[in-house]
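Below is one structure, written out as structure tokens; the observations come after it.
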2 protein chains.
Amino acid sequence: MTTAQAPTRNRGNRRAEILAAAASLFAARGFHGVSIEDIGGAVGISGPALYRHFSGKDALLAEMLLDISSRLRESAVAVVTTASGPGETLDALLHVQITFALEQPALITVHDRELSNVPEGERRRIRRLQRLYVEEWVTVLAELHPSCPPARLRAATHAIFGLLNSTPHSAGELPPQDMRPLLHAMARAAIEASVNAR
Amino acid sequence: MTTAQAPTRNRGNRRAEILAAAASLFAARGFHGVSIEDIGGAVGISGPALYRHFSGKDALLAEMLLDISSRLRESAVAVVTTASGPGETLDALLHVQITFALEQPALITVHDRELSNVPEGERRRIRRLQRLYVEEWVTVLAELHPSCPPARLRAATHAIFGLLNSTPHSAGELPPQDMRPLLHAMARAAIEASVNAR
DNA sequence: CCATGATGTTAGCCATCATTAACGTAACCG
DNA sequence: CGGTTACGTTAATGATGGCTAACATCATGG
């Protein structure tokens, strides 16, 4: 059989296609549960062809996490700099995170499970972005509730992420247009409660 | 070097010891990221000795998940049958889940990540137990809010689990005695909100 | 045209890993 | 005691997997 191949139409799309396929697989079976063959197979190429696009499996994961971390972070910064007031800002942050969770469940899942498999160097950069993202939230919450200690706000923020990112687990329970307001309302209420609990 | 070994003091403890060590490792690096050698090493024996206690790596994971699923389920049943009223029952359910999340973060983590690596037969039994556990919650919530459609209550329940199980991520942010009431208050408020959102 | 770069393919290398085999030793039991 | 059981050990085996090598194909553009 010849090595026929489609005309080079997908110039820069291949990388994105691979990243998307890999995200689904990693989310479903874990980084180590997915082989290079699996990822290649998912986009119709076979195995080692991946090395034409990424320097290795680690690098692929690193780019994936770096990408989502910076996108989240950028969205948050954009929201905060456009801020009208703390209340609206919080709603906008919620909107961003909920949109991500509903539209990219695989990425969100991988994002908070597989950091440990990223090689040292990149790992630090990703962690930095994640920390900055959390701090955007904490800052807004602190404006809303100045009397609440930051450690508590940080813990509350992580809990809210847990709530919002649970979406992958309840896949199909409820249509997205119902899920969105539900998550928003639950998160808002949980945040209010977090600063009042004795 | 001789094959000296301690007098058979740890009769049934070895299995539990292995399960605990494996849980930590699986939580940290994922099922496929941990080798039999790693697990053995963590309890001071080396590699294949594990096969004296478990029939294989899969079986070890299966037993781990089966154990925690049934413990959660049993606790929930115990709570519900001792019920005084729906409000108190819900608080008791929250207490159970929060205790688990705070005291066994590794188990909780593995519990909702690694089900796919359990062999078919056991997987069904575990899924069954998980579903029953969720239904205990949904039943209680339905008593509190009869007008709310079950699908919505189920989605809300999953979101609450996400919130409570986020504990491993905020490890060390806040001491457990502060974490517990915080999580309880956030979860309670989120549940209230879940039934009122338009 | 044909050299080049981008993108695939298959075959092979080497490491890791789950599992089994073959073998010791200590405690217990008759 | 002698044998069985419980629990470990180290070596071997077979599969899988990441990655490299050697080799096509095609579009492009000089």
Side-chain angles (χ1 to χ4, degrees), chain A residues 1-23 25-26 28-64 110 114 116-120 122, chain B residues 1-23 25-26 28-64 110 114 116-120 122:
Chain A
M1 60 210 68
T2 57
T3 314
Q5 99 200 37
T8 312
R9 18 145 220 196
N10 304 332
R11 285 288 295 180
N13 298 53
R14 245 320 150 47
R15 284 178 64 89
E17 195 183 355
I18 293 171
L19 284 167
L25 290 170
F26 290 164
R29 312 211 295 264
F31 181 71
H32 293 292
V34 177
S35 74
I36 288 289
E37 265 300 311
D38 293 334
I39 301 173
V43 301
I45 66 184
S46 247
L50 288 182
Y51 289 83
R52 299 295 172 191
H53 303 275
F54 299 92
S55 69
K57 202 186 170 191
D58 293 349
L60 199 164
L61 179 66
E63 180 163 331
M64 192 163 111
V110 174
E114 307 290 2
S116 61
N117 293 309
V118 174
E120 182 56 20
E122 313 281 49
Chain B
M1 61 212 66
T2 58
T3 312
Q5 100 202 35
T8 312
R9 21 148 217 192
N10 302 334
R11 285 288 295 179
N13 298 53
R14 228 2 189 265
R15 285 178 64 89
E17 194 183 356
I18 293 171
L19 283 167
L25 290 170
F26 290 163
R29 311 211 295 266
F31 182 71
H32 294 292
V34 176
S35 73
I36 288 291
E37 263 301 310
D38 293 334
I39 302 173
V43 301
I45 65 183
S46 248
L50 288 182
Y51 288 83
R52 299 292 170 190
H53 303 275
F54 299 93
S55 69
K57 204 186 170 191
D58 293 349
L60 199 164
L61 178 66
E63 181 163 330
M64 193 163 110
V110 174
E114 307 291 3
S116 60
N117 293 308
V118 174
E120 181 58 19
E122 311 281 49

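Quick caveat, the model's predicted, so the values are computed rather than measured.
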Handout entry: R14(B) side chain near dA6(D) phosphate (N/O to OP1/OP2, under 4.0 Å)
Key = no
Handout entry: Spatial distance of atom CZ (F31(A)) from atom CG (L25(A)) [nearest 0.5 Å]
Key = 12.0 Å
Fill in the blank from the handout: Whole-Å distance, L50(A) CG to dG17(D) C1', equals 13 Å
Problem - Between dA6(D) (P) and I45(B) (CD1): distance, integer Å - result: 16 Å
Practice task
Sequence neighbours left out, what passes side chain to side chain donor-acceptor pair (under 3.5 Å) with S35(B)? Give chain and number order.
Solution key: D38(B)
Fill in the blank from the handout: Looking only at dT9(C), dC7(D), dT10(D), the nucleotide nearest the H53(B) side chain is dC7(D)
Fill in the blank from the handout: Contacts of E114(B) meeting salt bridge (charged side-chain N to carboxylate O under 4.0 Å, His left out) (sequence neighbours excluded), chain-then-number -> none
Handout entry: Nucleotide dC7(D), atom C1' - distance to CZ of R15(B) in whole Å
Key = 14 Å
Completion exercise
Rounded to whole Å, the CG-P distance (N13(B) to dC7(D)) equals 11 Å
Handout entry: Rounded distance (Å) that lies between atom P of dT20(D) and atom CZ of R52(A)
Key = 11 Å
Practice task
Calculate, to the nearest 0.5 Å, the distance between atoms CG and CD1 belonging to L60(B) and I36(B) respectively.
Solution key: 7.0 Å
Exercise for the section: Verify, without hydrogens or angle tests, whether E122(A) (side chain) and A62(A) (backbone) share a donor-acceptor contact under 3.5 angstrom. Expected result: no
Fill in the blank from the handout: Counting primed atoms, P, OP1 and OP2 as sugar-phosphate and everything else as base, the B/S/- map of nucleotides 14-19 of chain C against protein heavy atoms under 4.0 Å is ----SB
Problem - Side chain R14(B), main chain H53(B), donor-acceptor under 3.5 Å - result: no
